Amino acid sequence: MSRDPRYDVLFEPVKIGPVTARNRFYQVPHCTGLGWLRPRMVAALRGMKAEGGWGVVCTEFCSIHPASDDLPHPYASLWDQGDIRAHSIMTEQVHEHGSLAGAELWFGGSRTTNLFSNEVAMDVANLPNAIGIPYQARAMDKSDIRELRRWHRNAALRARDAGFDIVYVYATHGYLLSHFLSSKTNTRSDEYGGSLENRVRLVRELIEETKDAVGDRCAVAVRFSADEGGDDDGDPVIGEHRDMIEMLAELPDLWDININDYSREMGVSRFIKEGSLEAYMSYVKSITSKPVVTVGRFTSPDTMVSQVKRGIVDFIGAARPSIADPFLPKKIEEGRIDEIRECIGCNICYTGDGTSTPIRCTQNPTISEEWRRGWHPEKIAPKGSDSNVLVIGGGPAGLEATRALGRRGYHVMLAEAQHTLGGRVNQESELPGLGEWARVRNYRVHEIQNMHNVDVYFDNLMDAEHVLAVEANHIVIATGASWLANGRGLYNQTPLDELGPAEQVFTPDDIMAGRLPESPTLIYDDDHYYMGNVIAELLRSRGIPVTLVTPEVMVSNWGDYTGEQGRIQRRMMELEVDIITSHALVAFNGNTAELECTYTGNRSNIDVGAVVTVTIRSPNDTLFHELQQGLEAGTGYKPDSLTRIGDCLTPTIIAGAVFSGHRYARELDTEVDPDNRMKYDRVFFDDE
Ligand code: ADP
Ligand code: SF4
């Protein structure tokens, strides 16, 4: 197929200073949880984006000097020859596909503690550590500023030597340069403080010096916030930032624009929709002739075209859409829009940064696995035999296994008890704000529908007898998991002695099946992610008074990693949900719930008519065990393999279930070394 001419504009080359991007698809700097630690994994990940058609592919934040390290977060670095060597693996892979590589030079200031290098952090003034670690940053004197400029220049030269085409001056996101710009943090009385011109001075110097150092070969980009922060949703406060951009308008070769509030800039889809930065940054193009890029979780080519045609941006910036589908540009180019694997806005990808672990994605199970497992998001080895496969259960695990096995050419029979495919995604996407999660199902169902070698059997609740009667070569059990109704979880390690009567006790499965409480309800959240609070939101929308109890110190503690905790807490408060933290549910008798303080063990009572327990799930593995036992005892038909995947193997997040299904499909009929299931990436030794 060829591309729709409507989208031609997205494939126009765009000049950025001395270099030219082959199209308007621009992967802005984003973290991967890999950084300097895993150079080959990160190079393959970035190279894949270039192969998929992204005209520009950038690094994550890249430290210019050991005086700025961000461990435990795995940043990238450009400190020495070893770093040049590591980055050149990436730039080579990006160049191989005709794309430009960008390096985001970074100095953290008071957001860094330098726990790795043990260097004292420094910033525009004596500032508290921005993330609450009890190490302050000291105020930079003039010689420090001179040193910083020298470090930045040298890092830019190293970036050029590593083969980068675009070098960033990174002046936002609460790092050092944004503190120089801000009248709140910049309390200096020298020529770097006070007036707007003085506060902008360091950024100006760095742009000029970077251009001087590498500008003949590399474009110089500036990452800058369009607003001042402190704004209310939908009500941007631009403040001085417009004046600052005006002052520097023609200096850089490209403006990479974002906003102050991370939880909006890269907000989860529950709270933030596609293209949400436009109201904040739409003025930028009117004050500079240089190309402008911004993000907005763009997955619709029509929205992209509209952004360009209306003069909002020159480049379609993306982090998450390029993670969920590294081949998004290629699919538009080849007229395969219906094959785009759209980001669902869950931010599991972002948790890699906070947890210091390789990036993973709900929609794209191959991310981070490009080098170490050799997984390609669009290509998969042909089948290794003429075996057929029976998959039981069409949730994310079963669907992904079916899709990937189908792509390999196996004959797959998918049996699903329900009338529709999707499993937990069907139900969860009906909960408040989670509608976009249905994309996990939609993408896979769409692919499967077009496969002649895949047969789907709806309304087929399979028991062991049915399964054995099929006589499939391989049996895959993907029957999911069910929420426990007995209070057992992280805090209460055994079921509660008193929890009833049953008709007044609910689980998320009951709620999603439409069995809802009608009286004041206590939600006991020992899961710490989204389920407890979306149920609270649902019940409040029905007018039911809700008390949310959690043993953690805040609502949705784990939601901090997905960047949504603050918005969840605020939503709960706006909905007038009573929040009780650091308490566990220990008993309920139908009228009164008994709570225990997690610190003191003190008990207290609260009167409610219903309890929803959101604790842990139990695998639906009865069928698996029955089959296992039956096959061991029987003498007749024996399949080549019986395997369980997804939540049936162990309950986890949707990303885990998709990964599990994908892995099964990849590994069928292949040799996997049981002791070294993947290659192990590590840093090089260049000091010997
Ligand atoms: P996962 O996240 O592991 O994919 P889900 O709970 O989302 O698990 O999906 C499990 C799917 O399996 C559901 O759609 C459910 O209807 C289906 N299922 C469960 N038991 C059976 C069974 N015995 N026969 C057929 N389908 C089943
Ligand atoms: Fe999008 Fe979620 Fe994948 Fe991140 S993890 S790219 S938010 S689908």
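Count residues from 1 along the sequence. Just follow the structure's listing: the first ligand is 1, and inside any ligand the first atom is 1. Given the structure is predicted, the values throughout are model-derived calculations rather than measurements.
- Within the listing of ligand 1, atoms 16 (O) sit less than 4.0 angstrom from a heavy atom of Gln418.
- Which of Ser482, Gly646, Gly480 comes nearest to atom 6 (O) of ligand 1 through a heavy atom is settled by distance: it is Gly480.
- If you number the atoms of ligand 2 from 1 as listed, the ones under 4.0 Å from a heavy atom of Thr362 come out as 3 (Fe), 5 (S).
- Proximity to Cys343 (heavy-atom distance under 4.0 Å) selects the following atoms of ligand 2: 1 (Fe), 7 (S), 8 (S).
- For a distance bound of 2.8 Å, the N, O or S atoms of Cys346 include one lying that close to atom 2 (Fe) of ligand 2.
- Shortest contact from atom 3 (Fe) of ligand 2 to any protein heavy atom: Cys361 SG, 2.3 Å.
- Among all non-hydrogen protein atoms, the one lying nearest atom 4 (Fe) of ligand 2 is Cys349 SG, 2.3 Å.
- Arg360 CZ: 12 or fewer foreign heavy atoms inside a 6.0 Å radius.
- The closest donor-acceptor contact from the side chain of Arg441 to the backbone of Arg424 lies at 3.5 Å or more, if one exists at all.
- Distance from atom 7 (S) of ligand 2 to its nearest protein heavy atom, with residue and atom name: Asn347 N, 3.0 Å.
- Using a 4.0 Å cut-off to heavy atoms of Gly345, the atoms of ligand 2 that qualify are 1 (Fe), 7 (S).
- Of the candidates Glu51, Glu370, Glu60, Arg46 forms a salt bridge (Lys or Arg N to Asp or Glu O under 4.0 Å) with just one, namely Glu60.
- Contact atoms of ligand 2 toward Ile348: 5 (S) (distance under 4.0 Å to a heavy atom of the residue).
- Asn620 does not count as a contact of ligand 1, since none of its heavy atoms falls under 4.0 Å from the ligand.
- Residues His376 and Phe327 bring their aromatic ring centres within 6.0 Å.
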